[in-house]
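Each ligand, and each atom within it, is numbered from 1 in the order the structure gives.
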Amino acid sequence: MSYIIDGKKISQDIKDEVKDEVSKLKAKGVEPCLAVVLVGDDPASHVYVRNKIKACDYTGIKSVSINLPADTEESELLQKVEELNADEKVHGILVQLPLPPQIDEDKVINTIDPDKDVDGFSPISVGRLSIGLPGFKSCTPAGIIELIKRSGVSIDGKNCVIVGRSNIVGKPMAMLLLRENGTVTVCHSHTKNLREITSQADILVAAVGKPKYFKAEDIKEGAVVIDVGMDRDENGKLCGDVDFTSVSEKAGYITPVPGGVGPMTIAMLMKNCVEAAERL
Ligand code: NAP
């Protein structure tokens, strides 16, 4: 039976560390502030934003909510972002995705000041990450590094396999594992002999978005298995990309779904907000 990496506990530890940092900053007269922009009425986005604001309340980070109607024009949103860029009291800016179809998401992300880009999605943040400059790291992959390290696992020299190459998970994950001196392979839907590759991984990050796609036979004995997937099984129950029941018998370490990678994303967002306030 593998060691179950407790994302709820680790994310709570990080939020408590952030809370301490926020108190120290406030004692120096700096009040970390995150602006959260939400466009439209997508129910899932409302839930995500509410959870981010709740985490701000917990850690003591000031949050400013900007809710715009679904028919907001691109130019209006860009102007709002520019105003937040210029506002010295705002340290982090988050525009909740997805945006309505009349708005070009890339244009909006590009408009956020890279020094306030706490989601780490802008091309400048991605470029900084790639060449090892200080900057904001995309929250989900940065949270995965914390999960691995805080479980006492060294990444140095390990054979790391990531399945998935999205801009928000797979690609930044590769850069972060490389920074930790992992030997990194990135797989995707065109990869040949996928299961042969995954079964050689010391550290496997599954981010394909397919329920229980990886079984015990796809995993190396004792591997660290990080399950990013947020999928639904045949009964509509939340599950990951990894078949937890069989894989947990073989892996050395495993993240559950829920309670693994999921809670880390918001914790890392809070960490990025404090970093933003410390830098300015
Ligand atoms: P995505 O943009 O849909 O990317 C999926 C990736 O998987 C793509 O690179 C795709 O390859 C690859 N893929 C699809 N089928 C494959 C197959 N049969 N074999 C090998 N590779 C395959 O997804 P994402 O945004 O990265 O998210 C992945 C999963 O993580 C989803 O379940 C999502 O809900 C979850 N997620 C969780 C969190 C969290 O906080 N826990 C955050 C973000 C995402 P191609 O590039 O070739 O199409």
Next item on the list: Give a yes-or-no answer on whether the side chains of Ser248 and Ser2 include a donor-acceptor pair shorter than 3.5 Å.
Entry: no
Notebook entry, point to check: How close does the nearest protein non-hydrogen atom get to atom 8 (C) of ligand 1, and which residue and atom is it?
Noted result: Arg165 N, 4.0 Å
Notebook entry, point to check: Do we see a donor-acceptor contact under 3.5 Å between the side chains of Asp20 and Ser23?
Noted result: no
Check: Any chance the side chains of Asp218 and Thr198 put a donor and an acceptor closer than 3.5 Å?
Finding: no
Check: Judged by modelled atom types alone, do Asp117 and Ser122 share a side-chain donor-acceptor pair under 3.5 Å?
Finding: yes
Check: Between CZ of Arg150 and CG of Asp6, what distance do you get to the nearest 0.5 Å?
Finding: 12.5 Å
Check: Short list, please: which atoms of ligand 1 are under 4.0 Å from a heavy atom of Asp231?
Finding: 32 (O)
Margin query: Need the ligand 1 atom indices (1-based, order shown) with element for anything under 4.0 Å from a heavy-atom of Val163.
Written below: 20 (C), 21 (N)
Notebook entry, point to check: Pick one: which of Val261, Thr255, Ile5 meets side-chain contact (heavy atoms from CB on, under 4.5 Å) with Asp227?
Noted result: Thr255
Notebook entry, point to check: Would you say Thr191 contacts ligand 1, with heavy atoms under 4.0 Å as the rule?
Noted result: no
Checklist line | Residue and atom name of the nearest protein heavy atom (relative to atom 17 (C) of ligand 1), distance in Å to one decimal | finding: Tyr213 OH, 3.7 Å
Notebook entry, point to check: Who gets closest to atom 38 (C) of ligand 1 by heavy atom: Val228, Val169, Ile197?
Noted result: Val228
Margin query: Please list, in number order, the atoms of ligand 1 under 4.0 Å from a heavy atom of Val261.
Written below: 41 (N)
Check: Just wondering, do Leu94 and Gln96 contact through their side chains at under 4.5 Å, heavy atoms?
Finding: yes
Notebook entry, point to check: Can you check whether Asp241 has an N/O within less than 3.5 Å of an N/O in ligand 1?
Noted result: no
Checklist line | Ionic contact status for Asp202 with Lys220, cut-off 4.0 Å | finding: yes
Notebook entry, point to check: At a non-hydrogen distance cut-off of under 4.0 Å, which region of Thr140 contacts ligand 1 (side chain, backbone, both, or neither)?
Noted result: side chain
Checklist line | Shortest protein heavy-atom distance from atom 33 (C) of ligand 1, along with the residue and atom involved | finding: Met230 N, 4.2 Å
Checklist line | Nearest neighbour in protein (non-hydrogen) for atom 31 (C) of ligand 1 | finding: Gly209 CA, 3.7 Å
Check: Is the cationic atom of Lys212 (NZ for Lys, CZ for Arg) positioned less than 6.0 Å from the six-membered ring centroid of Phe244 and within 45 degrees of its normal?
Finding: no
Next item on the list: Could you tell me whether atom 3 (O) of ligand 1 has a protein heavy atom closer than 4.0 Å?
Entry: no
Margin query: Could you work out, for atom 45 (P) of ligand 1, the closest of Gly170, Gly7, Ser189 by heavy-atom distance?
Written below: Ser189
Margin query: Please list, in number order, the atoms of ligand 1 under 4.0 Å from a heavy atom of Leu194.
Written below: 19 (N), 20 (C)
Notebook entry, point to check: Between Lys210 and ligand 1, which residue portion shows a heavy-atom distance shorter than 4.0 Å: side chain, backbone, both, or neither?
Noted result: side chain
Item checked: From the candidates Pro263, Gly164, Gly262, Pro258, the one that places a heavy atom nearest atom 6 (C) of ligand 1 -> Gly164
Next item on the list: Only counting residues at least two apart or in another chain, list the ones meeting side-chain hydrogen bond (donor to acceptor under 3.5 Å, both in side chains) with Asp241.
Entry: none
Margin query: Could you identify the single nearest non-hydrogen protein atom to atom 40 (O) of ligand 1 and state the distance to 0.1 Å?
Written below: Thr265 OG1, 2.9 Å
Next item on the list: Sequence neighbours left out, what pairs pass ring-ring contact (aromatic ring centres under 6.0 Å, His included) with at least one residue falling in residues 213-235?
Entry: none
Note to self: With a 6.0 Å cut-off (strictly less than), is the heavy-atom count around CD of Gln79, excluding the residue itself, greater than 12?
What the structure shows: no
Next item on the list: List the closest protein heavy-atom neighbour of atom 26 (O) of ligand 1: residue, atom name, distance to the nearest 0.1 Å.
Entry: Ser166 OG, 2.5 Å
Item checked: Lys149 with Glu180: basic N within carboxylate O range, under 4.0 Å -> yes
Check: For atom 13 (N) of ligand 1, what is the nearest protein heavy atom, given as residue, atom name and distance?
Finding: Val208 CG1, 3.7 Å
Next item on the list: State if Ala207 counts as touching ligand 1 under the rule of any non-hydrogen atom under 4.0 Å.
Entry: yes
Check: Can you tell me the protein heavy atom closest to atom 20 (C) of ligand 1 and the distance?
Finding: His188 O, 3.1 Å
